[in-house]
Amino acid sequence: MEGVPVITILYFAWLRDRLGRSSESMPLPEGARCVGDVIRSLAGREGEYQAVFGTQGGVVRCAVNQEFASPEDGVRAGDEIAFFPPVTGG
Amino acid sequence: MEGVPVITILYFAWLRDRLGRSSESMPLPEGARCVGDVIRSLAGREGEYQAVFGTQGGVVRCAVNQEFASPEDGVRAGDEIAFFPPVTGG
Amino acid sequence: MTIRVSVQTTIFSMDAELPRLMQGGQEAGGVGAFLGVVRGGAGLRALTLEHYPGMTESMIGRIAAEAQTRFGLSGCTIIHRVGRLTVGEPIVLVLCLAAHRAAALDATAFVMDWLKTRAPFWKREEFEDGRTAWVEAREADDIAASRWARDGRPG
Amino acid sequence: MTIRVSVQTTIFSMDAELPRLMQGGQEAGGVGAFLGVVRGGAGLRALTLEHYPGMTESMIGRIAAEAQTRFGLSGCTIIHRVGRLTVGEPIVLVLCLAAHRAAALDATAFVMDWLKTRAPFWKREEFEDGRTAWVEAREADDIAASRWARDGRPG
């Protein structure tokens, strides 16, 4: 498996509910260099993905390797990328 | 005892230590109408009273019937008048 | 609204106080709290707290009522110990129940500032060498209390 | 300085947390605290709290360390529950140990404001009629958190 550029994606809260999964492993999309590239790839899928990452993408927050991240932040093979709504703890 | 104009005086903290008593009953001093009159009467006593209510009177605080009071506040027979240093609770 | 005021020699329990406070209502979202303890250092061994029985309870009750009005509290508990307390022991507990955290924490600060300046307690320090001394009032406490007096009332 | 961070399903005890916190030192004069509970009303029955394991603990640990530096704390305890919690149940406990009350209470407000905006927790509401809904983030929480960002850092 060495050399296969895979990323792990986690979904929380209503993103998980709507997408019907809490995580997935996928190859780093062709040419993807930043979080925004991954989002565009996910928005290109059918069904809920398009709604969650396209239409409603503005409210989706992201973390890369457990650090809050912006669409401009870089991604690499092996990264853990999480998508979730704005936090509501405390 | 009806008609004898008596006041109760309480002393707290270092005032009590220096005066050697925590309370006393005394007749309302002749012509006394306010807290200041009582203070002047006590300052006229010998020994520690003079020091506590004269020289150091500036830091002494007062309550009349368990309400903070100023030298100008009135006193009447039956009143409970307390003298103490600035409070240091909490 | 539940107000509870106690001046006591015995220790208190935060866990035991909470259910009583929380009777203040389901609409409450949080409890602001402050627990004061005897601060050590400079050879201090213990404090002895003296108070003015009767006046203490009435002043603390008024402080609680004022906090309730000003911050819209659903409950307020103020427990102040008296007697001899060694370094590290709890002196005072303030609990303020409110719908939101800002009101709960602001009310807690308000109550503490007023307790320091309006409740008739006096502390005597006892040092390891046997020396004792009455604690002098801190100007900083008067300044802290004055920040709440925007309505011009002295207390 | 003692920092303790816990994300747990079980209830916590303020009394049990205090001795651990107080190991922070004899120089401490007080503990500021906030206890958040599930606020009732509008037919709410319970909340379910979800979090991002790993990231939650690391973010809370950073918030505690930041509070320690900024307010000179001697100790900081942050316990956040996850899972299903009914109305009135405790969600979060923050304890900040400091030499003086102002620092202890300000630090407590600081930690709560940052927890609300920087710790990856999400709440789902469950109503008496069986309906459920994810809680939306409050703009007021972002504003509350931004008041601490005088150094220009976003969090």
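So that the names make sense, note that chain A is the first sequence line, chain B the second, and so on, each numbered from 1. Keep in mind that the numbers below use all heavy atoms, side chains included, and drop hydrogens, waters and symmetry copies.
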Give me the atom names and distance for the closest heavy-atom approach of H51(D) to F12(A).
O-CE2, 3.4 Å

Write down the atom of M55(D), the atom of A63(A), and the distance for their closest heavy-atom approach.
SD-CB, 3.8 Å

Among residues 68-80 of chain A, which ones touch chain D with a heavy-atom distance under 4.5 Å?
F68(A), E80(A)

Within residues 20-35 of chain A, which residues come under 4.5 Å of chain D, heavy atom to heavy atom?
none

Report the C-alpha separation of Q66(A) and M59(D) in whole Å, then their side-chain angles, then the decisive distance to 0.1 Å, and conclude whether the side chain to side chain contact (heavy atoms under 4.5 Å, CB included) test is met.
CA-CA 9 Å; Q66(A) 308 195 355; M59(D) 290 304 294; over 6 Å; no

So for N65(A), is it side chain, backbone, both, or neither that comes closer than 4.5 Å to the heavy atoms of chain D?
neither

Within 6.0 angstrom of E48(A) CD, more than 12 heavy atoms from elsewhere:
yes

Just jot down the ring-ring contact (aromatic ring centres under 6.0 Å, His included) partners of F71(D), sequence neighbours excluded, or say none.
F110(D), W148(D)

Ignoring hydrogens and angles, write down the donor-acceptor pairs under 3.5 Å from the side chains of residues 81-90 of chain A, residues two or more places apart or on other chains.
{"from": "T88(A)", "atom 1": "OG1", "to": "K123(D)", "atom 2": "N", "distance (Å)": "3.0"}

What distance separates E136(D) CD from W14(A) CH2, expressed to the nearest 0.5 Å?
9.5 Å

